[in-house]
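To keep things clear, I will list the structure first and then write my remarks on it.
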Amino acid sequence: MHSATTPPFYQLLTFRPKLQSFQSTTPTLLYSPTMSSLSGVGIRAKPLFASVNPSSSSSSSPLAGDDGFVTLIEYLGKGGGIGVNDDLVVLIDHLQYACKRIAALVASPFHHTIGKQTGLAHTPNTLSNRDAPKPLDLISNEMILSSLTKSGKVAVMASEETDLPTWISDDGPRLEELDNLPTEEKALLNSLQTGNRLIAAGYVLYSSATILCITFGSGTHAFTLDRSTGDFILTNPNIKIPPRGQIYSVNDARYFDWPEGLRKYIDTVRQGKGRYPKKYSARYICSLVADLHRTLLYGGVAMNPRDHLRLVYEANPLSFIVEQAGGRGSDGKSRILSLQPVKLHQRLPLFLGSLEDMEELESYGDVQQKVNPGYEV
């Protein structure tokens, strides 16, 4: 569904609607086709926040209406997203519609029968069994693709659910210097842009509440779906992740597979012997967006030290969101948004969190897990 100022056009949208049984999210990326200093949009439903006032509500916002609330589209229309133009508003309106459809599907007591009803239960794919798309993933992918196509504002979409990017329209904003290339090559090269060109990013968290967390390059904001009206309402404006937290999120079951630096960091902070003299606690849901959402609100670090998360449509948008909230996204050595993708589904370790916690973690050096026993990828 992270993220910079919005130029007149945005060109690529990527996401991964990886839906889980009780919650999920949708990341989305929008890239500027021209300015390398800009960043973009991410929203995700697997893989759509903390500090100054994490519980602040939209009622205190100067953009709020007479009822004390402001919807996502009202927020954009009233200048809440600095530099957001009409084209991006149209795109976000279509995208939020798809997210509402997915939310209704996730909430349905019958969604577990989708595979049998649609014949998608045994859809072949080239991914590992661990990452094989579920029927709900594939249907969500089609819902988002349909909304993006109808918006008329997107040239190409990249997704975990397809091996190659989907070229949507020659009329959508794109890297015009690539127009003379074959469609497949043009779609791929448009997709392989660095995260520092993102102009907006977001994710959707589907649970007891449906939360859309989004940035347009001027702060990170959370909107909660009001099921009575069908509107996304601003509930957490200007989220600021605390500079330091007391929680780390990682799969502790893989402790003995970790490199020495990562084991030493975790051992140190949970004993309260790190730079912050308090004992850290572990909180791990095994849902990237859910763990990140908590980290944005309360601080700390959410991580997967293996070469597992995808740079283009997972690490980039989530790092943009975190940076716009005052945190940092890293592969354990380098800033995520500075990395140049070379493959669409390129994987890497991912560490997201509070600035001071991230600086301390990176200081241990050896935190990237290079051996993955028991994993196919």
Side-chain angles (χ1 to χ4, degrees), residues 1-6 10-18 24-32 38-49 81 84 88 91-92 95-96 98-99 140-141 144 148 154 156-161 165 190-205 211-223 239 241 287-293 295-296 302-304 308-325 327-331 335-341 344-353:
M1 211 340 197
H2 242 103
S3 338
T5 54
T6 306
Y10 19 81
Q11 152 258 334
L12 165 72
L13 186 137
T14 53
F15 66 96
R16 179 190 179 201
K18 190 74 174 180
S24 53
T25 69
T26 308
T28 301
L29 316 174
L30 295 176
Y31 287 90
S32 162
L38 297 173
S39 296
V41 168
I43 299 183
R44 155 177 180 144
K46 172 182 172 185
L48 194 183
F49 291 107
V84 174
L88 185 52
L91 175 56
I92 294 300
L95 191 57
Q96 71 164 353
C99 295
S140 299
N141 191 76
I144 293 179
L148 298 182
V154 177
V156 59
M157 182 186 84
S159 167
E160 181 195 2
E161 314 311 328
N190 270 278
S191 302
L192 298 180
Q193 299 190 53
T194 60
N196 60 21
R197 302 191 69 180
L198 286 168
I199 61 170
Y203 62 77
V204 176
L205 178 64
I211 300 172
L212 165 63
C213 185
I214 195 165
T215 179
F216 299 98
S218 55
T220 296
H221 316 281
F223 296 79
I239 295 167
I241 185 171
S287 167
L288 176 59
V289 167
D291 283 319
L292 174 60
H293 189 74
T295 302
L296 281 174
M303 67 186 94
N304 189 324
H308 183 69
L309 281 308
R310 282 77 167 190
L311 172 59
V312 173
Y313 46 83
E314 290 180 318
N316 272 339
L318 297 181
S319 295
F320 190 34
I321 292 169
V322 170
E323 286 199 7
Q324 286 297 311
R328 176 173 170 80
S330 170
D331 68 352
R335 177 176 178 251
I336 290 292
L337 298 183
S338 67
L339 301 177
Q340 173 62 57
L344 182 64
H345 302 293
Q346 178 178 338
R347 297 172 184 257
L348 78 174
L350 181 60
F351 302 84
L352 302 163

query: Roughly how far, to the nearest 0.5 Å, is the OG atom of S287 from the CG atom of L292?
result: 9.5 Å
message: Measuring from atom CD1 of I211 to atom CZ of F223, what distance do you get when rounded to the nearest 0.5 angstrom?
response: 12.5 Å
query: Taking side chain as C-beta onward, heavy atoms only, is N316 less than 4.5 Å from I336?
result: yes
- request: Over all heavy atoms of both residues, which pair between S191 and V312 is shortest? Give the atoms and the distance, please.
  value: O-CG1, 3.9 Å
field: Distance (rounded to the nearest 0.5 Å) between D291 CG and L352 CG
entry: 10.5 Å
field: Interatomic spacing from CD in Q346 to CD in E314 - rounded to 0.5 Å
entry: 12.5 Å
query: Taking side chain as C-beta onward, heavy atoms only, is L91 less than 4.5 Å from L148?
result: yes
- line: In short, G353 meets T295 closest at the heavy-atom pair CA-CG2, 4.0 Å
Worked verdict on I92 versus V84 for side-chain contact (heavy atoms from CB on, under 4.5 Å): CA-CA 10 Å; I92 294 300; V84 174; over 6 Å; no
message: If I take atom NE2 from residue H221 and atom OG1 from residue T215, how far apart are they, to the nearest 0.5 angstrom?
response: 6.0 Å
Worked check of side-chain contact (heavy atoms from CB on, under 4.5 Å) between N304 and R347: CA-CA 11 Å; N304 189 324; R347 297 172 184 257; over 6 Å; no
- request: Return the minimal non-hydrogen interatomic distance between L348 and A315, and the atom names on each side.
  value: CD2-CB, 3.9 Å
field: Nearest-0.5 Å distance, CG of residue L309 to CE of residue M303
entry: 12.5 Å
- request: Considering non-hydrogen atoms only, spot the tightest contact between L337 and E323 and give its length.
  value: CD1-OE1, 3.5 Å
- line: Between L311 and the options L350, L344, L339, the side chain to side chain contact (heavy atoms under 4.5 Å, CB included) test singles out L339
- request: Look at the side chain of Q193 and the backbone N and O of P341, then say whether any donor-acceptor pair between them is shorter than 3.5 Å.
  value: no
statement: For R328 and R335, the nearest pair of non-hydrogen atoms, with its separation, is NH2-N, 3.7 Å
